[in-house]
Amino acid sequence: MTLADLLSLRSRTALVVGGSGGIGAAVVARLSEAGARVVSVDRPELDPPPGAIAQACDVSDPQAVAALFERLRAERTEPDLLVHCAGIVRDRVLWKLSDEDWRAVLAVNLDSAFYVLRGALPAMRQRGGGSIVLVSSINGERGKVGQANYSASKAGMIGLARTAAREAGRFGVRVNVIAPGLVRTAMTAQLPASVVESALAESALGVACEPLDVANAALFLCSSLSARVTGQVLRVDGGQLIA
Ligand code: NAD
């Protein structure tokens with residue numbers, strides 16, 4: 001097989017959850033460029049990224065996700081590839097964190113990943129193949145001051161992915177995680193300069209990542225280049241966390 005064949009996603013359908021966000025839109029662009037038909041899922045009020053079929057869904061709502069997969073079945077756009085990039089932050093030091101902010105972050109970041117995996121896996125199992133990528137964070141691995149809810153949700157995604165990799169592997173379905181460090185998107189645009197500076201100081205390369213850095217890793221994990229890679233956490237962080 002040529003390198004171009006290994007990278008090609010032609011005749012594949014990809015579902016990008018959070019496809020209107022900074023990282024999500026870059027993933028939509030990269031997977032489309034590799035030939036996939038891309039369905040972008042995001043909150044109803046947002047514009048879909050160019051080149052994708054749009055599906056509005058609040059992915060923290062299990063009934064809405066079940067209805068989404070009903071529509072995908074009816075429209076014959078059930079995914080061969082799934083990249084989960086939906087996420088929120090509600091930062092607060094642990095002893096000031098409200099129940100509401102704990103639940104909201106867990107619901108959007110972690111519960112939604114469970115709901116979409118549960119929705120996507122039956123068709124992938126039946127077809128005998130698929131690739132799933134969950135976008136976690138290095139802060140799910142190491143913890144971060146002010147991010148108990150976010151870090152717990154991102155750590156949970158790693159356990160979820162590793163379990164799904166074990167359960168679905170025999171059906172030819174691979175499940176991996178990308179753990180980015182600081183990436184320049186709307187999510188990090190409001191961070192105080194001191195937080196960005198300390199992230200850059202931690203980074204071996206001394207640079208912040210761009211959404212396309214994460215999208216390139218997602219393309220690798222979706223493509224046949226990574227045919228024997230499953231249950232892994234791939235850090236895309238410029239060497240912010242080396243352990
Ligand atoms: P972003 O805010 O640009 O994008 C997040 C997307 O998720 C948005 O389009 C938003 O509408 C969508 N979303 C939020 N709640 C939703 C819901 N209930 N239903 C459907 N969609 C919903 O942020 P981003 O930086 O692109 O982050 C993408 C992913 O990468 C997130 O999981 C984030 O935690 C992770 N991440 C980001 C960074 C970073 O530095 N930007 C670092 C590590 C991990």
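Here, residue 1 is the first one in the sequence, and each next residue gets the next number. Because the structure is a prediction, the values reported are computed rather than measured. Remember, it's 1-based here, ligands and their atoms both numbered in the order they're listed.
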For [X], counting its heavy atoms only, list the atoms of ligand 1 lying under 4.0 Å from any of them.
X      : result
Tyr150 : 33 (C), 34 (O), 35 (C), 36 (N), 43 (C), 44 (C)
Leu182 : 40 (O)
Cys57  : 19 (N), 20 (C)
Val59  : 17 (C), 18 (N), 19 (N), 20 (C)
Ser136 : 35 (C), 36 (N), 43 (C), 44 (C)
Asp58  : 17 (C), 18 (N), 19 (N)
Ser137 : 43 (C), 44 (C)
Thr188 : 39 (C), 40 (O), 41 (N)

Checking the N or O distance criterion of under 3.5 Å, is ligand 1 in contact with [X]?
X      : value
Ala186 : no
Lys154 : yes
Ile88  : no
Leu46  : no

Checklist entry - Does CZ in Arg127 sit with more than 12 non-hydrogen atoms of other residues, nucleotides or ligands closer than 6.0 Å? => result yes
Checklist entry - Should the pair Lys154-Glu141 be classified as a salt bridge under the 4.0 Å nitrogen-to-oxygen rule? => result no
Next on the checklist: Any carboxylate oxygen within less than 4.0 angstrom of a Lys/Arg side-chain nitrogen, looking at Arg90 and Asp101?
Outcome noted: yes
Checklist entry - Would you say the side-chain atoms of Glu78 and Gln126 include a donor-acceptor pair closer than 3.5 Å? => result no
Checklist entry - Between the side chains of Thr77 and Arg37, does any donor sit under 3.5 Å from an acceptor? => result no
Checklist entry - So between Val236, Val108, Val41, Val196, whose heavy atom ends up nearest atom 15 (N) of ligand 1? => result Val108
Checklist entry - If you measure from each non-hydrogen atom of Thr185 to ligand 1, which part falls under 4.0 Å: side chain, backbone, both or neither? => result side chain
Checklist outcome for this item: The side-chain contact (heavy atoms from CB on, under 4.5 Å) partner of Pro180 among Val135, Asp237, Asn139 is Val135
